[in-house]
Amino acid sequence: MQSPDVVALWPLLRLVALYVHVVACFGAAAAIVLGDLAVFLHRQVDRRLLRRASSWVVKALLVLWVTGLIIIGLDTGFDLAVLFTKGKLLAKFSVVALLTLNGLALHKWALPRLMAPTYEPERTARIPALLGAFSLASWLFAAFLGLAKPLAGLLGYAGFMQFYGLSLLLALTVAWHWGRPRLARQLAEYTADSAPIAFDPLGPPVNPWRQS
C-alpha cells in the first residue's frame, strides 16, 4: 500500500510526465519535418541532415514510450480490466507499437538505401518511400489520438483503427505515385554525381552514368 505522501505526489508526477510527453511530441514533429526536407527539399537527399533527424526521432520516440507508460501507470495501475475499457488508449498504444517497428525497419532497410549510390534507383526508392509514408501517417494519427477524447465513446478501438487503416492507405498511395518517383530521381542524381569520371584526352570529362 502506497503512503499518503507518495500518493499526493502522483498528480505532480503525472503533470511533469505529460509536459515532457508533449515536448517530445513537438520534438518528434520537428525532426520529421527536417527529415522530409532532407529528402525532398534539394535536388539530392541531404544525407547528413537525414541522419541527424533520424537520430532525433529515435530519442523522441524513446521519451514518448517512457512518459506514456508513466502516465498509463498512474491512471490505470496497468490493470488490464481497466485498460481494455479504454479504446482510444489501446488504439494509441497499437499505433505507437507499429510506429516503433516501422522505425526499426527504416533504420535497417530504408536509411542504408538512401546513403549509398545505386544503379537501380526506381527499385531502391520503393522501401524508403513506403516506410517513410507509413511513419508520417502514424505520427500524424498518434497526434490526432492525443486530441480525440471527445470521439472515444463514439468510435472505440475498432473505429479508431479503421480510420488509421484509411490514413495509411492514403499515405502509401501518395508515396507510391508521387514520393517514390521523385526519390528515385534524386537517387539517380546522387549516383550520377558519385560515379567515376571517364577521361578523354581529346574531349571534356564524361560521367558515364549521367544522362545527357
Side-chain angles (χ1 to χ4, degrees), residues 24-65 92-144 161 164-199 205-212:
C25 285
F26 281 110
I32 291 169
V33 170
L34 285 176
D36 288 340
L37 291 176
V39 173
F40 293 114
L41 182 62
H42 303 291
R43 187 171 60 90
Q44 296 182 13
V45 176
D46 187 336
R47 285 157 178 80
R48 180 178 298 179
L49 179 58
L50 180 61
R51 192 180 296 110
R52 187 173 300 172
S54 175
S55 175
W56 290 343
V57 171
V58 170
K59 294 174 183 176
L61 187 58
L62 179 60
V63 173
L64 287 172
W65 267 111
K92 189 171 184 179
F93 184 84
S94 299
V95 171
V96 174
L98 290 173
L99 185 59
T100 302
L101 294 175
N102 184 75
L104 295 175
L106 276 169
H107 280 269
K108 184 175 179 60
W109 293 302
L111 290 180
R113 291 168 180 258
L114 297 176
M115 298 299 174
T118 176
Y119 299 115
E120 293 181 304
E122 288 287 344
R123 183 177 180 181
T124 302
R126 293 173 187 171
I127 290 180
L130 294 178
L131 290 179
F134 191 103
S135 177
L136 179 60
S138 297
W139 277 107
L140 290 175
F141 198 82
F144 162 74
M161 294 309 291
Y164 177 53
L166 290 175
S167 68
L168 286 180
L169 180 61
L170 176 61
L172 293 174
T173 300
V174 172
W176 185 260
H177 291 288
W178 180 79
R180 177 184 56 85
R182 180 169 180 176
L183 182 58
R185 290 194 297 270
Q186 290 173 298
L187 292 174
E189 287 282 351
Y190 176 64
T191 300
D193 289 346
S194 302
I197 296 177
F199 178 72
V206 176
N207 188 324
W209 297 107
R210 181 176 290 280
Q211 298 178 353
S212 57

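Residues take their numbers from the sequence shown, with the count starting at 1.
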Sole residue of D36, L37, L111 in side-chain contact (heavy atoms from CB on, under 4.5 Å) with L50: L111
Looking at A184 and A125, what are the two nearest heavy atoms and their distance? N-CB, 3.8 Å
Not counting sequence neighbours, which residues clear side-chain hydrogen bond (donor to acceptor under 3.5 Å, both in side chains) with [X]? List them please.
{"X": "T100", "result": "W65"}
{"X": "E120", "result": "none"}
{"X": "S167", "result": "none"}
{"X": "R113", "result": "none"}

Under the rule for ring-ring contact (aromatic ring centres under 6.0 Å, His included), what residues qualify as partners of W56, not counting sequence neighbours? none
CH2/W178: more than 12 non-hydrogen atoms of other groups inside 6.0 Å: yes
Could you measure the distance from the CG atom of L64 to the NZ atom of K92? Nearest 0.5 Å is fine. 7.5 Å
Nearest-0.5 Å distance, CD1 of residue I127 to CG of residue L114: 10.5 Å
Ignoring hydrogens and angles, write down the donor-acceptor pairs under 3.5 Å from the side chains of residues 129-144, residues two or more places apart or on other chains.
from : atom 1 : to   : atom 2 : distance (Å)
S138 : OG     : F134 : O      : 2.8
S138 : OG     : Y164 : OH     : 2.7

Pairs flagged by side-chain hydrogen bond (donor to acceptor under 3.5 Å, both in side chains) wherever residues 121-131 is involved - sequence neighbours left out: T118-T124, E122-R180
Taken in chain and number order and not counting sequence neighbours, the residues that satisfy side-chain contact (heavy atoms from CB on, under 4.5 Å) with S94 are Y157, M161
Taking side-chain contact (heavy atoms from CB on, under 4.5 Å) as the test, write out the residues that go with A53, two or more places apart. L34
Any side-chain heavy atom of L183 sitting closer than 4.5 Å to one from L187? yes
Where the side chain of R47 meets the backbone of V45, is there a donor-acceptor pair that is under 3.5 Å apart? yes
